[in-house]
Amino acid sequence: MAASEEMSSLFPIFILSVMGLFVVPWTIYRITTALTRQNKNLHCRCSECMRSTKYQTSLLNRIARVSTCSNLTMVLLWIIMGLLVYYIKLMTRESQIFEPYSILGLESGASDGEIKKAYYNLSRMYHPDKNKDPEANKYFVDYISKAYQALTDPVSKENYDKYGHPDGRQGLQMGIALPSILLNIQGAAGGVIVLALVGFGILLPLLVAVVYLSRSSKYTGNYVMHQTLSTYYYFIKPSLAPSKVMDVLIKAAEYVEMPVRRSDDEPLQRLFVLVRSELNLDPKNIKQEQAKFWKRHPALIKTELLLLAQLTRESAKVPAVLRTDFQHVLRLTPRLLEELMKMAVAARNAEGHGWLRPALGVMELSQSIIQAVPLSARKVSERLVATGGSADGVAPFLQLPRFDDTVVKKLSRKKVRTLQDLRDLTTEERSDLLTNTAGFSAQDAADVESVLQMIPSIHLDVVCETEGEEGVQSGDIVTMRAWITLQRANGLVAAHPHAPHFPYPKDELYWLLLADTSLNSVWVFQRVNFMDEAGGIAAASKAIQESLEGTGASDAEVITAVRDAVARVKGGSRLVMAKFQAPAEGTYSLTAFCLSDTWIGIDRKVNVKLKVLKRSRIGTRVGVTPEEGALVEDGSDEEAEDTTANGEYDDDYESEYSEDEDAEEETEKTKSKEALDEEATTAEDLDSNNTV
């Protein structure tokens, strides 16, 4: 029994070692990540953003941020490890080796006189006649007396000096790191232990796996239901107008499953009155339009009204009974819009092209929801565009602090009609314009300046070419190489957008599209994230290295190109590369779009002319389909100089297959000549026979 207890004392040490293997690295990682985030101010510093609840740093807010499930689990594990350390220390103290010299306070090998003197001194302190404390009596009997006997007895002293133990040589002892209950299984206790082991070791992991697989089969990697993707894919049409994208978005299964209670009827009626202007109802048939609106699925009605409350900045007037649903809808919206974008540009034809018009509408809706700008603010008249106004209407101005329609009209009288016109002014000119013309205070002007420093400028550089070949021919594998460069006045690259009316932190995302606007088709699409610099460096380095190695470049050239790419990524650029199969012969006027899902009025597009020549090379490239690729930048592809002015191929042009073609032509000519000679000989023989 004593042996089993001694062996079971190793079990806490085993558990402590296993826990320390992952608790210590996990703690170091969490602390490092927290310190890194604390040193970066990635959000806007204007007064509106500083007052926003998502950036507030009150005591309760700090406690809520720290008191996450992950942090609480980590603290609990450290508490358990601390208790294990204390228990192990206590067990070690209780089971310590009997050392008579240490008990008497002597050095090993002390003389008999020193032993007797130490025993006499300790007896005066712990002897029952001198000390009435029961603990002192126990210590004297169990330790002091035994230690004195072990050192005064000749045999015990000799054993201790030779083997370190009064009883002589001790055998090697080995223990098992298991609790004592598992080492003494008797009777019914054995069955209970076996059932517990089966339950916790087999059934519980199996149950967790079943639950996880059932949930994972229902959701995608972006935590969006598969049913939602099917619905989006079905309802998105090539001619879907931007104003109708909302009707597709609210059909998500996550929104349909949202409960609608009877107590929601009156609050929804009040909310309908607040946002009715954004529903695009026909004023001539207003009653029929309203009746048609309320006949829809209750969950769709509820979701649309809550989203319109966000667009019209009426979130403060959302009734209390709908507040939880309102937060739930906005929490899901960014993920659903991202998946809706993927369904818009998904392959829809044999060439693997998606649709451009729905994709542009999805991005417009995403920008409006994040900035809380109504879709009606994006409407613009042809007259306004002709006079230099923004194609997005007044919407870009409304994302600035304190701006409204009245302020925009005042600025337009000073020939500041677009957001870019305002950004082109100097700091002093903007401050004077806002304070004198718009009537802003100094603090309001400073807030506008802070937001303008956060708004990025996008630059695109796009090149499409066939690697290792001159010109692009039908059937070639075309490589699109695009650099997207993001610049801000404050010098930041990774940042959160100015979005004080959106209640949750949101990362900036960008979408690169290579599209044919005349055919409403998207050839290449890719999501771009400037928040992850390490990921951008790894992707750019790999793409550049694989591209140059395929062309036979030397190691020095590859290293230099990779170094330049890394420097560009650190400077605020991202590389996107994609491959697609060249279409039939012709000249294609494509457009590269860089679309933001958060900012209004910063989207960029550049023209890319792709000239595809008639195929003159033998063989076709296999295994290339339009796929998601890398970034592309402004600019157009250089036209190949492989044709003459009248469209005929230059006689001096030679491909790698020219010699093979010439050899095949000579062989064909020789075979044709031999066949003609045989036919002539046969005809002469027949004539001779007929004459005879």
Side-chain angles (χ1 to χ4, degrees), residues 1-40 57 59-99 102-103 164-165 170-186 189-213 215-216 221 223 505 531-535 537-538:
M1 184 68 180
S4 64
E5 290 180 357
E6 183 177 356
M7 289 186 294
S8 64
S9 63
L10 299 175
F11 183 67
I13 300 176
F14 172 73
I15 295 297
L16 180 63
S17 302
V18 173
M19 293 180 63
L21 288 176
F22 70 91
V23 173
V24 174
W26 184 28
T27 304
I28 295 174
Y29 169 75
R30 293 302 301 269
I31 293 176
T32 305
T33 304
L35 292 177
T36 303
R37 291 179 179 176
Q38 188 176 4
N39 293 333
K40 292 183 178 180
T57 56
L59 180 59
L60 294 178
N61 203 347
R62 290 179 181 178
I63 294 175
R65 290 182 181 180
V66 174
S67 302
T68 61
C69 181
S70 178
N71 291 341
L72 293 178
T73 302
M74 184 174 63
V75 172
L76 178 61
L77 291 176
W78 274 108
I79 293 175
I80 295 175
M81 291 178 63
L83 294 176
L84 287 175
V85 171
Y86 176 76
Y87 178 77
I88 292 170
K89 186 177 180 180
L90 183 63
M91 292 291 294
T92 304
R93 183 182 304 169
E94 292 179 355
S95 61
Q96 61 185 354
I97 300 174
F98 181 75
E99 297 181 355
S102 299
I103 294 174
H165 198 279
Q170 301 294 307
L172 179 64
Q173 294 184 357
M174 299 180 65
I176 302 174
L178 291 176
S180 59
I181 189 174
L182 297 180
L183 300 175
N184 299 279
I185 300 177
Q186 296 178 358
V192 175
I193 293 174
V194 171
L195 291 177
L197 291 177
V198 172
F200 287 97
I202 299 177
L203 297 181
L204 182 60
L206 184 61
L207 179 62
V208 173
V210 170
V211 173
Y212 172 76
L213 292 176
R215 289 184 59 85
S216 62
Y223 301 102
M531 300 296 292
D532 185 9
E533 183 180 284
I537 291 175

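Starting from 1, each residue takes its place in the sequence as its number.
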Verdict with supporting geometry, M19 and L84, side chain to side chain contact (heavy atoms under 4.5 Å, CB included): CA-CA 10 Å; M19 293 180 63; L84 287 175; 4.0 Å; yes

Shortest non-hydrogen contact from G20 to P25? O-CD, 3.8 Å

Got a sec, which residues hit side-chain contact (heavy atoms from CB on, under 4.5 Å) with L76, two or more places apart in sequence or on another chain? I80

Non-neighbouring partners of V211 that pass side-chain contact (heavy atoms from CB on, under 4.5 Å), sequence neighbours left out: L207, R215

Pairs flagged by side-chain hydrogen bond (donor to acceptor under 3.5 Å, both in side chains) wherever residues 13-31 is involved - sequence neighbours left out: T27-W78, R30-S70, R30-N71

Quick check for you: to the nearest 0.5 Å, what is the distance between I79 atom CD1 and M74 atom CE? 11.0 Å

